[in-house]
Structures are given as C-alpha cells and as structure tokens.
2 protein chains.
Amino acid sequence: MTESGDVGWSAARAHAARNRDRLLQSAAEVFARDGVNASLRDVARRAGVGIGTLYRRFESREAVLAALLADSFASLNALGAELESRDDATGSLIEWLSALTDEMRAFPGVPDLVVRAMVDDDSRLHELCRNMARTGGALLARAQSSGGIRSDLTIADLLRVSAAIATIEEQGAERRKSDESTASPTASRMLDIVLDGLRPRSP
Amino acid sequence: MTESGDVGWSAARAHAARNRDRLLQSAAEVFARDGVNASLRDVARRAGVGIGTLYRRFESREAVLAALLADSFASLNALGAELESRDDATGSLIEWLSALTDEMRAFPGVPDLVVRAMVDDDSRLHELCRNMARTGGALLARAQSSGGIRSDLTIADLLRVSAAIATIEEQGAERRKSDESTASPTASRMLDIVLDGLRPRSP
DNA sequence: ACCTGAACACCGTTCAAGT
DNA sequence: ACCTGAACACCGTTCAAGT
C-alpha cells in the first residue's frame with residue numbers, strides 16, 4: 001500500500017488524527033455512562049480501533065481525560081477573566097463557582113479526579129487544575145477584600161466544596177428506584193445553601 | 001478426620017466462625033488502605049483462606065461492608081436517641097451530623113456508598129442507611145421547629161452534605177506531594193463552615 | 001458442612017509482528 | 001509511521017471436587 005514518499009505519510013497522519021478524534025468521541029460517551037474509570041478496552045472497541053491504538057494516541061487514562069476536559073477548563077478561565085471586571089465581586093465569585101460545579105459534572109468521578117490532581121504533581125491534569133485554581137483565587141481575593149466572603153477561606157476550600165456539591169448532584173441525577181423522601185434536591189439548591197455559609201456572619 | 005457426629009460438626013462451625021472473623025479483620029485492613037472497592041482476592045489472601053470461603057461467608061462485597069459498618073450505624077442511632085432528650089435542638093442535630101461525618105470516614109468510598117444505598121432498595125446497606133436516616137430526620141424536625149435550622153431542608157439534603165464533607169476530608173487525609181496553597185483544612189472546619197449555611201438568615 | 005482452587009469472562013498495559 | 005492483537009498479570013464470581 002506504501003504510496004511513494006509524502007503522500008503515504010500524510011495519509012497515515014490523517015488516519016491517525018481521525019483515530020484520535022474517534023477515540024475522544026467514544027471516550028466521551030463511555031465515560032458519561034460508566035464514569036472516569038470506565039473500561040478503556042470499551043472505549044477502543046466503540047471507536048473501532050485496537051486497544052494498542054488507544055495507548056499509542058494517549059499515554060494514559062488521564063491524558064484522555066485531559067483532552068476531553070481542556071475546553072471546560074479554558075472556558076472557566078475565560079469566564080474568570082470576564083468576571084474580574086464586574087462590580088459585584090461576591091456575585092462574580094459565586095457565578096464562577098456555579099460554572100465550575102457544572103463543568104465538574106461532565107462525567108461521574110470528575111470531581112474526585114480534580115481534587116486529587118490538584119495535589120498530585122504527576123497527574124496529567126495537574127497544570128490544568130492549578131491554572132483553574134489561580135483564576136478562582138483571584139476572584140476569591142477580590143470578594144474577600146470587598147467583605148462579602150469570610151476571610152479565613154482559601155481557594156482550596158472552595159474547590160473542595162464545589163467538588164463535593166458536584167459529586168452530590170451527579171449522583172442525584174441518576175435513576176432512582178425509590179424516590180419518596182430521598183428525592184434529590186434541585187440542581188443548584190445545594191450550592192446555594194452551602195454558599196450561604198461562606199458569607200461572614202453578623203450575629 | 002471425620003470425628004463422629006456432633007463433635008465434628010461443631011468443630012467445623014467453630015472453624016467457619018473463625019474464618020468469618022479473620023475475613024472481617026482482613027477486610028477492615030484492606031478497605032482502609034484501598035477503599036471499598038479493594039480486591040476481594042486480597043482480602044481472602046490476607047485472611048489466609050481461599051477466595052471461595054469469602055463468598056461462602058458473605059454473599060457480596062456489600063454484605064462484608066454491612067458487617068463492618070453495622071456497629072457504626074448502631075452507635076449513631078444510640079447517639080440520636082440520647083440527643084433527643086437534650087435542650088439544645090440545633091446543637092443536637094449538629095453534633096449528630098458531626099458524628100455521622102466521622103463514621104463515614106471509616107474507609108475511602110463509604111460516603112458514596114451510603115448515598116447510593118439510601119436510594120437503592122436492593123443494596124445490602126439499604127435498611128441500615130434508612131434507619132440511620134430516620135434517626136437524623138427526628139433530630140432535624142426538632143431543630144427546625146425550634147427555629148434553628150432552615151425549614152426547607154430535608155434529612156436527605158443533610159446526609160448528602162455530610163457525605164460530601166466526609167469525602168473531602170477523606171481525601172485531605174491522604175499523603176500530599178505538594179502541600180503549599182492546597183493544604184487540607186482542619187478536619188471539622190469544612191463542616192462548620194457548611195453548617196453555618198443551614199441556619200435561617202435574618203438580613 | 002465446609003473449604004479450595006480451577007475455570008470463565010473480563011480488566012489495564014506492553015510490545016512483537018504486520019502494513 | 002501506524003495499527004493490531006497476543007501476552008502477561010491481574011480482577012470478580014461460580015462451582016466441581018475434595019475433606
């Protein structure tokens with residue numbers, strides 16, 4: 001099949017790129033269904049490629065996830081930059097935390113992953129998470145100096161809270177067999193309740 | 001080896017009981033290290049029995065966990081009963097939620113497990129969790145009628161919050177590689193902060 | 001009655017062999 | 001250069017064979 005020189009090369013490269021796209025598409029579907037620890041063999045199967053191809057395109061499960069989540073994180077950084085120029089510092093922070101919580105619901109297991117990656121230098125998601133944290137940190141500092149948010153909180157605290165809420169809502173979104181008294185709360189209600197606790201109290 | 005009649009039987013029964021104890025001991029160690037989804041083969045190996053014996057003594061992973069967590073849940077119910085007779089209704093609820101959060105930190109993954117079991121009729125932990133929720137529900141109702149807790153909250157909300165905090169602290173308790181700005185908050189601080197949000201606000 | 005371990009159908013990950 | 005699938009070392013779970 002070897003066509004001479006560049007033609008063969010670029011055909012192979014195009015094919016490789018298509019495989020990468022298919023793998024990402026497939027991974028998005030499988031992770032959405034089975035969570036971030038879903039079977040990578042499943043991902044490869046559904047993409048119609050061999051398992052070896054997956055490992056050739058992505059050095060690890062986290063590399064796949066990093067590729068899938070990169071856009072989310074970029075949009076959070078963009079939103080943060082935009083919110084910096086708003087008057088309401090506290091409202092800005094809360095809006096950003098809401099957006100973060102939403103993004104973390106991409107796949108089951110993402111919140112956990114993000115919290116761990118924040119603290120693990122070796123994670124493929126480490127830098128992505130750290131950048132995102134920097135964006136949030138700026139918003140937090142502004143909200144704190146405006147007096148709208150307790151001054152003893154750190155951005156690490158808030159990311160953990162956000163992750164916790166995202167985990168809760170992720171589970172609440174699943175099919176429930178008995179739905180009487182344990183019906184899941186509205187998506188944003190839990191976050192609202194918890195964020196209430198972040199304001200300074202004047203008793 | 002077959003000794004005649006009852007003697008052989010009771011020896012076998014005693015042996016079986018000892019195996020069960022060893023398995024539980026081993027499971028406690030392995031789950032503490034690797035979380036609730038740890039290898040059951042590992043559990044059997046460390047207990048010095050065949051994998052078949054584990055499955056003979058416990059019909060499922062959840063059955064092992066139910067056996068390990070039964071005491072915790074019982075003590076929460078006892079604590080609840082005791083707190084019912086205290087004057088400070090809100091303080092009682094908060095103390096109980098603190099205790100619950102602590103118990104959920106038994107092994108990594110327990111909070112998630114409890115939240116799921118609460119909603120899954122088929123789980124071996126379902127009844128255990130439901131009873132515990134009933135205990136908390138009574139404390140919540142009392143705190144709400146005393147005016148100390150927002151009236152729109154349900155016990156399901158609070159258990160989810162507790163699970164979320166327990167998850168956070170469980171992760172915070174792990175060895176961190178970089179510990180600068182992401183240092184984990186003190187054990188109870190997150191819970192305190194969040195519980196602040198549960199009080200009615202008077203602006 | 002109880003215990004064991006082989007057996008089955010899956011994983012994640014690597015790497016020789018093919019094109 | 002890229003792709004494939006066998007190979008290895010693991011799982012969870014079941015069940016025939018042993019005592």
Side-chain angles (χ1 to χ4, degrees), chain A residues 1-27 30-31 33-66 107-109 113 122-124, chain B residues 1-27 30-31 33-66 107-109 113 122-124:
Chain A
M1 214 154 289
T2 329
E3 320 207 6
S4 67
D6 291 6
V7 181
W9 271 48
S10 63
R13 278 219 223 151
H15 194 219
R18 204 167 52 224
N19 278 345
R20 213 191 101 103
D21 289 347
R22 278 187 191 157
L23 281 164
L24 285 176
Q25 170 70 34
S26 166
V30 174
F31 287 164
R33 182 164 42 86
D34 299 338
V36 297
N37 291 121
S39 161
L40 293 182
R41 284 178 122 107
D42 241 36
V43 171
R45 257 192 302 267
R46 180 185 279 249
V49 304
I51 180 65
T53 302
L54 186 152
Y55 279 95
R56 170 166 259 273
R57 293 297 142 212
F58 302 96
E59 79 174 352
S60 65
R61 176 186 300 273
E62 282 192 327
V64 180
L65 284 159
F107 316 119
L113 202 70
D122 300 338
S123 167
R124 283 296 242 156
Chain B
M1 217 153 285
T2 329
E3 321 208 4
S4 67
D6 289 5
V7 182
W9 272 48
S10 61
R13 279 219 223 152
H15 193 221
R18 204 168 50 222
N19 278 344
R20 214 190 99 103
D21 289 346
R22 278 188 192 156
L23 281 164
L24 285 177
Q25 171 70 34
S26 166
V30 174
F31 287 163
R33 183 165 40 87
D34 299 338
V36 297
N37 291 120
S39 160
L40 293 182
R41 283 178 125 106
D42 240 35
V43 171
R45 255 192 303 267
R46 180 185 280 249
V49 304
I51 180 65
T53 301
L54 186 152
Y55 278 95
R56 170 167 259 273
R57 292 297 141 215
F58 302 96
E59 79 174 352
S60 66
R61 177 186 299 274
E62 282 192 326
V64 180
L65 284 159
F107 316 118
L113 203 70
D122 300 339
S123 167
R124 284 295 243 157

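Computed from a predicted model, the values in this text were never measured in an experiment. First the proteins, then the strands, lettered A, B, ... as listed; each starts at 1.
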Output the single nucleotide from [options] whose closest atom is nearest the side chain of [X].
X	options	value
B:Arg45	D:dT14, D:dC11, D:dT4	D:dC11
B:Arg41	C:dC3, D:dC11, D:dA1	D:dC11
B:Ile51	D:dC3, D:dT14, C:dT13	D:dT14
B:Arg56	D:dG12, D:dC3, C:dA1	C:dA1
B:Leu40	C:dC11, D:dT13, C:dC2	D:dT13
B:Tyr55	D:dG12, C:dC3, D:dC3	D:dG12
B:Arg61	D:dT13, D:dG12, C:dC3	D:dG12

- Side chains of A:Leu24 and A:Phe58 in contact at under 4.5 Å (non-hydrogen atoms):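 With C-beta onward as the side chain, the pair touches.
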- Query: Are A:Phe31 and A:Leu65 side-chain neighbours, meaning at least one heavy-atom pair lies under 4.5 Å?
  - Reply: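 SC-SC contact between A:Phe31 and A:Leu65 confirmed.
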Interatomic distance, [X] [atom1] vs [N] [atom2] [rounded to whole Å]:
X	N	atom1	atom2	result
A:His15	C:dT19	NE2	P	16 Å
A:Leu23	D:dT4	CG	P	10 Å
B:Arg22	C:dC3	CZ	C1'	13 Å
B:Leu54	C:dC3	CG	C1'	13 Å
B:Asn37	D:dC11	CG	C1'	12 Å
A:Arg57	D:dT4	CZ	P	11 Å

- Tell which nucleotide pairs with C:dT19, taking only Watson-Crick or G-U wobble pairs whose two distances are both under 3.5 angstrom.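 The answer is D:dA1, by the H-bond criterion.
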- Message: Does the structure show a Watson-Crick or G-U wobble partner for C:dC10, both distances under 3.5 Å? Name it, or say none.
- Response: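 Here C:dC10 is not engaged in any pair, so there is no nucleotide opposite it.
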Applying a 4.0 Å non-hydrogen cut-off, can you work out what [X] is touching in the nucleic acid: base, sugar-phosphate, or nothing?
X	answer
A:Ser39	sugar-phosphate
A:Ala17	nothing
B:Ala44	nothing

- Task: Verify, without hydrogens or angle tests, whether A:Ser26 (side chain) and A:Arg46 (backbone) share a donor-acceptor contact under 3.5 angstrom.
- Result: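 Side chain of A:Ser26 to backbone of A:Arg46: no pair is present.
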- Task: Mark yes or no for whether A:Arg61, through its side chain, and A:Val36, through its backbone, hold a donor-acceptor pair below 3.5 Å.
- Result: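 Confirmed, A:Arg61 side chain pairs with A:Val36 backbone.
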- Considering only NZ, NE, NH1 and NH2 on the basic side and carboxylate oxygens on the acidic side, decide whether A:Arg45 and A:Asp42 come within less than 4.0 Å.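 Answer for the salt bridge query: yes.
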